[in-house]
Amino acid sequence: MAFYYDEPAHTFSEYLLVPGYSDDKCIPTNVSLRTPLVKFKKGEQPAITMNIPLVSAIMQSVSGEKLAVALSREGGISFIYGSQTIEEEAAMVARVKAHKAGFVPSDSNISPEATLADLLALKERTGHSTTAVTEDGTLNTKLVGLVTSRDYRPSRMKPDLKVKEFMTPVSKLIYAKKNISLQDANDMLFEKKLNTLPVLDDDGKLLYFVFRKDYATHKEYPLELLDEKKRHVVGAGINTRDYAERVPALINAGADVICIDSSEGFSAWQAITLKWIRDKYGDKVKVGAGNVVDGEGFRFLAEAGADFVKVGIGGGSICITREQKGIGRGQATALIDVAKARDEYFKETGIYVPICSDGGIVYDYHMTLALAMGADFLMLGRYFARFDESPTNKVVINGSYMKEYWGEGSARARNWQRYDLGGAQKLSFEEGVDSYVPYAGSLKDNVNLTLSKVRSTMCNCGALTIPELQQKAKLTLVSATSIVEGGAHDVLLRDSVAHSENFPK
C-alpha cells in the first residue's frame, strides 16, 4: 500500500512569522547575513562562506557572466548555467574570474592602423572612452598606446586619420607591472594624478586597467565576495552525463564551486557523479547536489558526499513538473522536513551540510520565511531574471518593459540533461515554460531593498544572525481568510480612483 503523509504540503504564503522580543541591539545595521555555502565539521569553518544568503539559479535566462560579477559584488554567488557546451561554460567562468576586483580586462582594443572613424564606432559599441591600442587590435599583442577622449576632437579631425597619429604612445604612459597589488595600484593612480593605470606583463601585453573611478565604486560594495586573489567567487552547473569532461574544464577555468543541476536528485546518477568527483579530487572540489523534498533524499545525498543540498521540486515560477508529472511537494513543508534531517545528521556525525531552498519564492518576505524554516541560503531564478544584468533581452509588452525568462525544461532551453532519467538523450516533454517577467532595474538596487526587508524582519524576531533566526523564529499557519486580511482590503486605493477619473464619462 502506498505511503500517505498525514498533513498537506504547504507553501510559504501559508505561513507568517510571529514577532519576538527585540532588545536595543536589534537594529538592521547590526544584522549579519553571513551563511555557509558548503559543509564543514563541528568546530571548524566552512571553506566558502557567503556574505548574503542568495545564489542565482543555474539557468540560461539568469546566470550569465554579467550577473555573476554583479551578485558577487553584493556578497552572493551565481551558478553559470550548464546547458551549453563545455567550452562555452568554461570560458564564461574564466571571464568572471578575470574580473579581478579593481583590475579590469580591456574589451575596447584597436589597432594603430585603424582610423578615427573606427575608434568612434568602437566607442559607440562599447560605451568606453578609454581604448587600448595594441599591435593587432586585440588583447593578445603588445600595448603600443592609449586613447582617451582627451586625445581627439572629431569635429576638427578627419575621419580617416590613423589612430597612431593621435594616441598617447606607450613610451609616454605610466604603467604598472604584473603582480602589483590593488592597494599599490590605487596609490600610483593618486600619486601620479592618473585616471587610468595600465598593468602589463613581462612581454608588454596589457593585462588589466585600474581606474581611479573604480576606487570609489569598490567602496560601494562592502560585502563583495572575493577569493584569496581578489577575484570574484563564481559557481557553475554540471549534469550527470558529461561530468568527466565538464568538471575538469570548469575547475581549470577557476570555478569555486559546482552544482549538479537536476530536477530530482534522489537518484543513483547523482551518487555516481559525486563518487567520481570525490575519487578524482577528494574534498578539494566543492559540489552541491539535489533537488530533494524530504529527509530521506537529503540523507542520501549527504552520505554520497554532497557539500550542500538543494531543496524543491516543482515550486519554480516557470516549472510545470508537478503539472506534467504529478511529483513534488509544497516548498515550505519540504524545507521544514529537510532542515530537520540536516540537524539530525549534524547531531549524529558532527558534519553540517547546508541546505538551499530552490523555488517557491514569490515575495521578498518569503525569503525570511525560508531562512527561518532552516534554509542556509536561497537559489532564485525569476527574482534575478528581472534585472539589467541578466542575459536576456528587455522587451516592451503591452506598453510595459519586460525581460524574457524561460525554464531549463522548456522547448527553448531544451536542457534534457536536467531531467535525465537514464533514457534517450532528448527532452521528451516540457517541464518548463517560456515567459516574461516585469523589468525591475539594477541588481544592486533591488537586492539592497530586499535584504533591508529581511534584516528588518529578523529584528522583529529578535535575531541578528540567520542561525539565531532559526532558533528564535515562531511560525504560524494562516487561513485563506487571514491571507486576504494581510493585504489592502475594504478600501478604495487612491491610484485606482485617479485612474478611473481618466475614463470618458
Side-chain angles (χ1 to χ4, degrees), residues 64-66 68-70 72 80 84-85 87-152 162-182 184-186 188-189 194-214 217-218 226-227 229-232 234 249-250 252-255 389 391:
E65 58 199 83
K66 190 175 180 181
V69 171
S72 172
I80 301 297
Q84 55 182 324
T85 68
E87 294 75 19
E88 289 171 337
E89 186 181 11
M92 196 173 283
V93 169
R95 288 194 293 270
V96 174
K97 298 304 290 186
H99 278 79
K100 194 174 181 181
F103 292 90
V104 182
S106 175
D107 57 3
S108 290
N109 308 291
I110 201 165
S111 163
E113 298 299 322
T115 64
L116 174 61
D118 296 328
L119 176 68
L120 294 175
L122 177 63
K123 182 180 178 181
E124 179 70 22
R125 288 198 307 272
T126 65
H128 298 154
S129 59
T130 299
T131 303
V133 185
T134 62
E135 286 180 333
D136 66 358
T138 72
L139 194 57
N140 300 318
T141 52
K142 285 186 178 181
L143 182 74
V144 296
L146 200 64
V147 176
T148 71
S149 56
R150 294 179 297 180
D151 293 316
Y152 58 90
K162 296 288 182 70
V163 169
K164 64 184 179 182
E165 300 295 330
F166 57 87
M167 72 180 187
T168 302
V170 69
S171 60
K172 294 184 178 180
L173 293 175
I174 296 175
Y175 57 86
K177 286 291 189 178
K178 67 177 183 179
N179 298 327
I180 187 172
S181 69
L182 182 59
D184 289 343
N186 282 321
M188 283 186 68
L189 283 171
L194 305 172
N195 289 324
T196 306
L197 178 69
V199 179
L200 310 183
D201 68 9
D202 293 336
D203 297 323
K205 295 179 183 178
L206 179 64
L207 297 174
Y208 309 105
F209 282 128
V210 180
F211 295 101
R212 177 189 285 261
K213 63 180 178 62
D214 285 347
T217 301
H218 180 63
L226 306 173
D227 65 17
K229 296 180 180 179
K230 302 295 184 183
R231 302 175 302 178
H232 292 289
V234 64
L250 295 174
N252 290 336
E389 294 84 357

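Note that the numbering runs from 1 along the sequence shown for the chain. Here the structure is a predicted model, which is why all the values come from computation and not from measurement.
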Where is the tightest heavy-atom contact between [X] and [Y], given as atom of each residue plus distance?
X: Val96; Y: Ala68; value: CG2-CB, 3.9 Å
X: Met188; Y: Tyr175; value: CE-O, 4.0 Å
X: Ala249; Y: Ala90; value: O-CB, 3.9 Å
X: Asn109; Y: Leu122; value: O-CD2, 3.6 Å

More than 12 heavy atoms of other groups within 6.0 Å of Lys177 NZ: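 Yes - once you tally the heavy atoms of other residues, nucleotides and ligands closer than 6.0 Å, there are more than 12.
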Once you round to the nearest 0.5 Å, how far does [atom1] of [X] lie from [atom2] of [Y]?
X: Ile110; Y: Lys123; atom1: CD1; atom2: NZ; value: 12.5 Å
X: Ser108; Y: Leu139; atom1: OG; atom2: CG; value: 11.0 Å
X: Leu250; Y: Ile80; atom1: CG; atom2: CD1; value: 10.0 Å
X: Arg231; Y: Lys97; atom1: CZ; atom2: NZ; value: 4.5 Å
X: Asp227; Y: His232; atom1: CG; atom2: NE2; value: 9.5 Å
X: Glu165; Y: Thr115; atom1: CD; atom2: OG1; value: 12.0 Å

Residue pair Val170, Lys142: steps toward the side chain to side chain contact (heavy atoms under 4.5 Å, CB included) verdict: CA-CA 10 Å; Val170 69; Lys142 285 186 178 181; over 6 Å; no
Stepwise side chain to side chain contact (heavy atoms under 4.5 Å, CB included) check, Val144 with Lys164: CA-CA 9 Å; Val144 296; Lys164 64 184 179 182; over 6 Å; no
Check residues 195-211 and write down every donor-acceptor pair under 3.5 Å in which the side-chain atom is one partner and the other belongs to a residue at least two apart or another chain.
| from | atom 1 | to | atom 2 | distance (Å) |
| --- | --- | --- | --- | --- |
| Asp201 | OD1 | Asp203 | N | 2.9 |
| Asp201 | OD1 | Gly204 | N | 3.0 |
| Asp201 | OD1 | Lys205 | N | 2.8 |
| Asp202 | OD2 | Lys178 | NZ | 3.4 |
| Lys205 | NZ | Asn140 | O | 3.4 |

Verdict with reasoning, Leu194 to Leu189, per side chain to side chain contact (heavy atoms under 4.5 Å, CB included): CA-CA 5 Å; Leu194 305 172; Leu189 283 171; 3.9 Å; yes
Side chain to side chain contact (heavy atoms under 4.5 Å, CB included) assessment of Met92 paired with Arg95: CA-CA 5 Å; Met92 196 173 283; Arg95 288 194 293 270; 4.1 Å; yes
Side chain proximity check, Thr168 to Asp151, heavy atoms < 4.5 angstrom: yes
